[in-house]
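Here is the structure we will look at, set down as structure tokens.
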Amino acid sequence: MSRVQLALNVDDLAESIAFYTKLFGTGPAKQRPGYANFAIAEPPLKLILMENPGQGGSLNHLGIEVADTGTVDAEQARLAEAGLAAVQEQDTTCCYARQDKFWVKDAPSGERWEIYTVLEDSATFWGQDGAQSWDAAEAALGTAAGGRAAALAGQGAPCCGGQQAGGADTGSSACCA
């Protein structure tokens, strides 16, 4: 299994879920406060909706979901051979899932790409201890200074993004399984 992930910021989660359910003919595979994901078979797509009022219609991040950690490691090695650096995040919990992944550095226009596998579902957005690891990854990616990334960093910059239901700000950067 391999599929492209598209994570969108949306103004109204319920309205967006209704629209994408009709568009793709399937409902969310996972839905939590301020967050939903669709595992669409055709076309193979992982669509992530992140409630982020005022940012609706904008791209949050891109990704490629793969079958297992071995594939994550193989892709990271392949991209390293091609001269692309990465920031590795093994056994991290973000966006209601425990994952092994890495972020690709230096996309030409600052796009955020992750290659990841989901190890298991999580009942919490961040993990049991609530630790937020995105700040370190963002610093390693070199996106904390300059442009849109700096504006996002100023919002808290942990994984994923937006104002989650209940008022917990999750920043506006990236991840999400």
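Computed from a predicted structure; not experimentally measured.
P44 is listed as a side-chain neighbour of E42, based on a closest heavy-atom distance under 4.5 Å. For the pair I40/L47, a side-chain contact is recorded, criterion being any heavy-atom separation below 4.5 Å from C-beta on. Looking at heavy atoms from C-beta onward, L49 lies out of side-chain contact with N37 at the 4.5 angstrom threshold. Side-chain contact between L6 and L8: present, with at least one pair of heavy atoms (C-beta onward) separated by less than 4.5 Å. Between S2 and I64, some side-chain heavy-atom pair lies under the 4.5 Å cut-off. Contact annotation: the side chain of F102 approaches that of L79 to within less than 4.5 Å [non-hydrogen atoms, C-beta and beyond]. Using a 4.5 Å heavy-atom threshold, the side chains of P28 and I17 count as touching. Considering only heavy atoms from C-beta on, Q90 comes within 4.5 Å of Q88 through its side chain.
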Give the C-alpha distance, both sets of side-chain angles, the deciding distance and a yes or no for side chain to side chain contact (heavy atoms under 4.5 Å, CB included) between T92 and R98. CA-CA 6 Å; T92 188; R98 191 169 64 89; over 6 Å; no
Decide side chain to side chain contact (heavy atoms under 4.5 Å, CB included) for F38 and Y20; before the verdict, give the C-alpha distance in whole Å, the side-chain angles of both, and the deciding distance to 0.1 Å. CA-CA 9 Å; F38 291 74; Y20 286 107; 3.9 Å; yes
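When atom types are taken as modelled, the side chain of D11 and the backbone of G56 share a donor-acceptor pair closer than 3.5 angstrom. Remark: the backbone N or O of A67 is not paired with any side-chain donor or acceptor of T71 at under 3.5 angstrom.
Considering every non-hydrogen atom in both C94 and Q99, the closest pair reads O-NE2, 3.0 Å. Heavy-atom minimum distance, Q55 versus N9: O-CB, 3.4 Å. Looking at every heavy atom in both residues, T93 comes nearest to T124 through CG2-O, 4.2 Å. Across all non-hydrogen atoms, the minimal contact from R3 to A39 is NH1-CB, 3.5 Å. Between V72 and K101, the closest heavy-atom pair is CG1-CA, 4.1 Å. Between W103 and E89, the shortest heavy-atom distance links the atoms NE1-OE1, 3.1 Å.
If you look at Y96 and Y35, their ring centroids are closer than 6.0 Å.
Hydrophobic clustering of Ile, Leu, Val, Met, Phe, Trp and Tyr side chains at less than 4.5 Å, counting indirect connections, keeps V104 apart from V4. L119 and I48 fall into different hydrophobic clusters, defined by Ile, Leu, Val, Met, Phe, Trp and Tyr side-chain heavy atoms under 4.5 Å apart, directly or through other members.
In this model, no donor atom of one side chain and acceptor atom of the other lie less than 3.5 Å apart for D68 and T117. Side-chain contact, Q5 with Y116: a donor N or O sits under 3.5 Å from an acceptor N or O.
Partners of Q76 under the side-chain hydrogen bond (donor to acceptor under 3.5 Å, both in side chains) rule, at least two apart in sequence or in another chain, do not exist in this structure.
A salt bridge between E81 and R78 is absent, with no side-chain N of the basic residue lying under 4.0 Å from a carboxylate O of the acidic one. Taking the charged nitrogens against the carboxylate oxygens, D121 and R32 do have a contact shorter than 4.0 Å, which makes a salt bridge.
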